[in-house]
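Accompanying notes for the structure given below.
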2 protein chains.
Amino acid sequence: MAGKVTSAQVAKRAGVSQSAVSRVFTPGASVSEKTAKKVRDAATALGYRPNVLARAMVSGKSRMIGLVVAYLDNHFYPDALEKLSNALQAKGYHVLVFMASNKTEIIDTVLEEILDYQVEGIITASVSMSSELASRCQQAGVPVVQFNRTQDLERVATVTSDNYQGGYDIAQFLAQGGHQRPAYIAGWEGASTQRDREAGFLDGLKDAGLTLFARGVGNFEADTAKAAACCMFGKRDAVLPDAVFVANDHMAFAVMDALRFELGLRVPQDVSVVGYDDVPPAAWTAYDLTTVRQRANRMVEATVAAMLEKIDHPASPARQVVVDAPLIIRGSARKPKGPL
Amino acid sequence: MAGKVTSAQVAKRAGVSQSAVSRVFTPGASVSEKTAKKVRDAATALGYRPNVLARAMVSGKSRMIGLVVAYLDNHFYPDALEKLSNALQAKGYHVLVFMASNKTEIIDTVLEEILDYQVEGIITASVSMSSELASRCQQAGVPVVQFNRTQDLERVATVTSDNYQGGYDIAQFLAQGGHQRPAYIAGWEGASTQRDREAGFLDGLKDAGLTLFARGVGNFEADTAKAAACCMFGKRDAVLPDAVFVANDHMAFAVMDALRFELGLRVPQDVSVVGYDDVPPAAWTAYDLTTVRQRANRMVEATVAAMLEKIDHPASPARQVVVDAPLIIRGSARKPKGPL
DNA sequence: ATGAAAGCGCTAACAA
DNA sequence: TTGTTAGCGCTTTCAT
């Protein structure tokens, strides 16, 4: 009933030693059913629950995973965070959140702070860490897995969708749809997702005998993307692109708005638009965006699996998981052999 | 440089006592500049950082705030989470996330778990806790503040937007716009936000001499809301509502899609649509949704302030903050004296 | 200003 | 199976 009940108090009440109490709350410890019952009764009566922090001190298991995330604008990340947190919770871990802007310096500072909390592992979403910090974590025995980013560092595990293939598929799809003048609006150029999507797209175009007609940079920000689109499509009496691949959905919505409502172009009749991520609004009828799906569920599963693997077997090699990313065909881009 | 550096190791290297090291890392402790320097040098050389958990054990300050959140679909919550986490981080706290579905039983379980981590406070977003749990937290000396929910419990602090006034303003606005047959699509009926918005809306209608023409329930879920809309507007040759207030934006988008693309109605010419929250997509041109803004920034500030107040002065009364919620007029609803 | 010593609440040998 | 005994890494009196 009281504020802070300790195992010692429970022990006294149950008439056993304090370690007996500890054992009752330690799965797989050896206690007789008789003592266990006495202890449990006393515990409930007193409202006792083990102190996770004290347990962490001596056992080294804090049951916390640090999650570093840069921004939650793009709906893909809150979605992933929700799933991640749920999956980890199911395994008895909890997520300590750290927001960090995408500057290496800040990320490194934040990571130091995370380590202070003795987390058992660190997941970074949409951010890259310095190799120096990566080694620090390794030395501290804290495994790191990067979600939706790759990096050359051999020691850190990564989980991504197949960004290269996704970009490639989009190029092929646009080519088959009869498009002649494909454009690209890039994300933040420091991101591996951006680089891989673009590389795949360019290779796909090349293999289809096409070349990039125009390129803009949107930095993964809606406003910047919109500006890039206006710049790209706003020219009077010029030959315009007939298709544009926007590096993520978040930007693609802004681009579609600009195209339709500010520049008076029809989508997909005048210009086809394709995004990346398949966040929920992509399926909303007002956008009906053709896009590549990042399978958040699978990516999260892989991330959790990689994390637990590293925690249980610290010596195991860092996995580099690539989840396949299917093209989701909707109405924002002209289809092969399609009407109109 | 190593994995786990303790204050004792730093002490040895610096040639001082272990407590001296502790003092150097305790703001406001009494240390001579000379010792401080020796200690800092040794600490940097060794890569020492204080262990937050060990500190928490003895000081009772874990520097963690538990955040319970039910779902992140509605973009208002990730946005709030980001701001909350940032604001708390700036104050030296970090957020331990717990996902909970909206069943009291589950929330209570989750809250017990949170307490095990010795958090210094708990913020609940979009969930309500049982009064029993509320007292448990109080007894444990852990302050609770509810974000975006009210409850009768006197002891828990709450921060909400002025949901009643928001609903009221919408009714008045629709009345002034010449609407005759206002409808309402409700959120989850267990939520105080839902109840307050509806109450305000109904009173606003009454004061304008109107009565509710139709009512559906969307549970704050897009699909359910869409179904409700189809049910409400799908009748052949019937007199339809000429305006609908949807209890949040998330549902409003789905309703607009159904109205325009499935039922062939024009927005706002045939029917006006108003939402609540002003999440980012509300401003996207494809929706251009008239809505009531929840000022996330202010709400977060108030939440953090209430939290810190309670932590610093446990005896202080629980604040009940209501942040004003302005109507944001866009194009999805016919305006008073407007064209068309 | 500094060091010695006593724990915070718990787990993990070690005996018994 | 159980109790006893050390600590985990730190803050905090209490002396000095």
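First the proteins, then the strands, lettered A, B, ... as listed; each starts at 1.
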Pair up each side-chain donor or acceptor in residues 77-84 of chain B with any protein partner under 3.5 Å, not counting sequence neighbours, and list the distances.
{"residue": "B/Y77", "atom": "OH", "partner": "B/N148", "partner atom": "ND2", "Å": "2.9"}
{"residue": "B/D79", "atom": "OD1", "partner": "B/K83", "partner atom": "NZ", "Å": "2.9"}
{"residue": "B/D79", "atom": "OD2", "partner": "B/K83", "partner atom": "NZ", "Å": "3.3"}
{"residue": "B/E82", "atom": "OE1", "partner": "A/L72", "partner atom": "N", "Å": "3.1"}

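The footprint of chain B on DNA chain C, defined by a heavy-atom cutoff below 4.0 Å, extends from C/dA1 to C/dG9.
By the side chain to side chain contact (heavy atoms under 4.5 Å, CB included) test, B/M307 is found to be paired with B/I65, B/I123, B/P143, B/V145, B/I311, residues two or more places apart in sequence or in another chain being considered. For A/T109, the side chain to side chain contact (heavy atoms under 4.5 Å, CB included) criterion is met by A/E113, not counting sequence neighbours. A search for side chain to side chain contact (heavy atoms under 4.5 Å, CB included) contacts involving A/Q118 returns B/K4, B/N51, B/L53, not counting sequence neighbours. Applying the side chain to side chain contact (heavy atoms under 4.5 Å, CB included) rule to B/L133 yields the partners B/D108, B/L111, B/E112, B/M129, B/S130, B/R136, B/C137; only residues at least two apart in sequence or on another chain are considered.
Side chain of B/Y117 to backbone of A/R63: a donor-acceptor contact under 3.5 angstrom is found.
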Checklist line | Sugar-phosphate or base contact per nucleotide [nucleotides 9-16 of chain D; S, B, -; heavy atom under 4.0 Å] | finding: BBBBB---
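Applying the salt bridge (Lys or Arg N to Asp or Glu O under 4.0 Å) test to every pair with at least one member in residues 307-322 of chain A, sequence neighbours left out, gives these pairs: A/E309-A/R319. The salt bridge (Lys or Arg N to Asp or Glu O under 4.0 Å) contacts involving residues 12-30 of chain A comprise nothing, where partners must be two or more places apart or lie in separate chains. For residues 295-322 of chain B, no pair satisfies ring pair (Phe, Tyr, Trp, His ring centres under 6.0 Å), with sequence neighbours left out. Judged as a ring pair (Phe, Tyr, Trp, His ring centres under 6.0 Å), the pairs with a partner in residues 16-36 of chain A (not counting sequence neighbours) are, in order, A/F25-A/Y48.
The rotation axes computed at either terminus of the helix from C/dA1-D/dT16 to C/dA16-D/dT1 lie 40° apart, taking five pairs at each end and rounding to 10 degrees.
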